[in-house]
Every structure is written in structure tokens, then in C-alpha cells.
Amino acid sequence: MKAGDTFVSADRSLESHVWVVVSDPDVDPHRVVIANMTTYTIDREAACVLHPGDHPLVRHETCVNYRRAQVATNDGLDRLVARGSLRLRQPVSAEVLDRIREGAARARWIEDACWQVLEQQGLLDSQ
């Protein structure tokens, strides 16, 4: 996968959020930060709110759920895609990816492991 790629679970019985690759797998394929997008409500963190038009799968106010961000491996994600467990969707634009990374720098609830990967890749420096 590449930075900005998006995917959803192929298992329709699961709540299917759109996930985005936030870090740069070309820099560190063994530690890839992914975060999901979910409906924005007043009780959600507003570090990065997306609107219809920001991505084809964003149909209403949506926020990046940094609280549930995870570190995966690029090989593991690629295997899930090859097995059909994950379905790739249209990547986010460079502008939206920048906004997602800027939001990560402001997020109050993000796992230390995710923060460290983004920081080590210099993706939080412009904040």
C-alpha cells in the first residue's frame, strides 16, 4: 500500500469504516499507521473533520478516529487485500492526506506507537 490509500473490510457483518494509510509505507513498511474515518458527532474528536467532496466515500461530516489508529505492517495489509479480506478504495488526495496528518499532530487521543511512527517519519514536523 501507499500513503493515502483507503480500504474497507470485505466482511459485511462488520461495521465497515473507511481506513486510510496515514504514514509512509515506503519509509517504514514494518510500521504503517492506519486510521479509520467515522461519522462526526459532538462527542468525537474534531482534530480532522472531512466533508462531502473530500473523498467519494465521505457522504456527511466525518472525522478521523485517531483514538482507534493502529500500527500494521505493509505486508500484512497486502496479504489481507490479496485474500479478499480488505477492499481497496480510491486514495485520499494529497491535500486531504496532509489534513489527516495535521490532525494527528493535534489529536488528544492517539496511541503512542502511532505518534512515534509519524514523528520519526517527519510527518508531524510542520505543526
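Criterion: ILVMFWY side-chain heavy atoms under 4.5 Å apart, direct or through other members. Under it, V49 and I100 are not part of a common hydrophobic cluster. Side-chain heavy atoms closer than 4.5 Å link hydrophobic residues (I, L, V, M, F, W, Y) into clusters, and following such links, possibly through other members, connects V71 to M37. Following chains of ILVMFWY side-chain contacts shorter than 4.5 Å, one cannot reach L124 starting from I34, and the two form parts of different hydrophobic clusters. Follow the hydrophobic side-chain contacts under 4.5 Å out from V21 and you never reach L123; the two are in separate clusters. Under the 4.5 Å side-chain contact rule for hydrophobic residues, W19 and L88 share a cluster.
Summarising the geometry, atom CZ belonging to R79 is positioned 9.0 Å from atom CG belonging to L77; distances are rounded to the nearest 0.5 Å. Here T62 contributes atom OG1 and D54 contributes atom CG; the two are 9.0 Å apart, rounded to the nearest 0.5 Å. One finds the CZ atom of R31 at 10.5 Å from the SG atom of C114 (value rounded to the nearest 0.5 Å). Of the inter-residue distances, the one linking D24 atom CG with M1 atom CE reads 14.0 Å to the nearest 0.5 angstrom. Here the CZ atom belonging to R44 is positioned 4.0 Å from the OG1 atom belonging to T38, to the nearest 0.5 angstrom. Annotation: the span from S23 atom OG to L97 atom CG amounts to 9.5 Å, rounded to 0.5 Å.
Side-chain N or O atoms of H55 include one that pairs as donor or acceptor with a backbone N or O of Q90 at under 3.5 Å. Although no hydrogens or angles enter the test, the distance criterion places a donor-acceptor pair under 3.5 Å between the side chain of R106 and the main chain of A47. A donor-acceptor pair under 3.5 Å is absent between the side-chain atoms of N36 and the main chain of H17, judged by distance alone.
Between K2 and D5 there is no salt bridge, since no side-chain nitrogen of the basic residue lies less than 4.0 Å from a carboxylate oxygen of the acidic one.
Q120 has its side chain out of reach of L118: every pair of non-hydrogen atoms, C-beta onward, lies at least 4.5 Å apart. Residues L80 and D78 are not in side-chain contact: their nearest non-hydrogen atoms beyond the backbone lie 4.5 Å or more apart. Put simply, the side chain of R99 reaches to within 4.5 Å of the side chain of C48, judged on heavy atoms. V58 is not listed as a side-chain neighbour of H51, based on a closest heavy-atom distance of 4.5 Å or more.
Across all non-hydrogen atoms, the minimal contact from T73 to H30 is CG2-O, 3.5 Å. Contact between A3 and R101 at its shortest, heavy atoms only, is CB-NH2, 3.4 Å. For the residue pair R68 and Q70, the shortest heavy atom distance occurs at O-CG, 3.3 Å. The two residues W115 and A104 come nearest to each other via the heavy atoms CZ3-O, 3.3 Å.
In E45, the CD atom is crowded: over 12 heavy atoms of neighbouring residues, nucleotides or ligands sit closer than 6.0 Å.
When each of L50, T6, V64 is tested with V96 by the rule side chain to side chain contact (heavy atoms under 4.5 Å, CB included), just one qualifies, namely L50.
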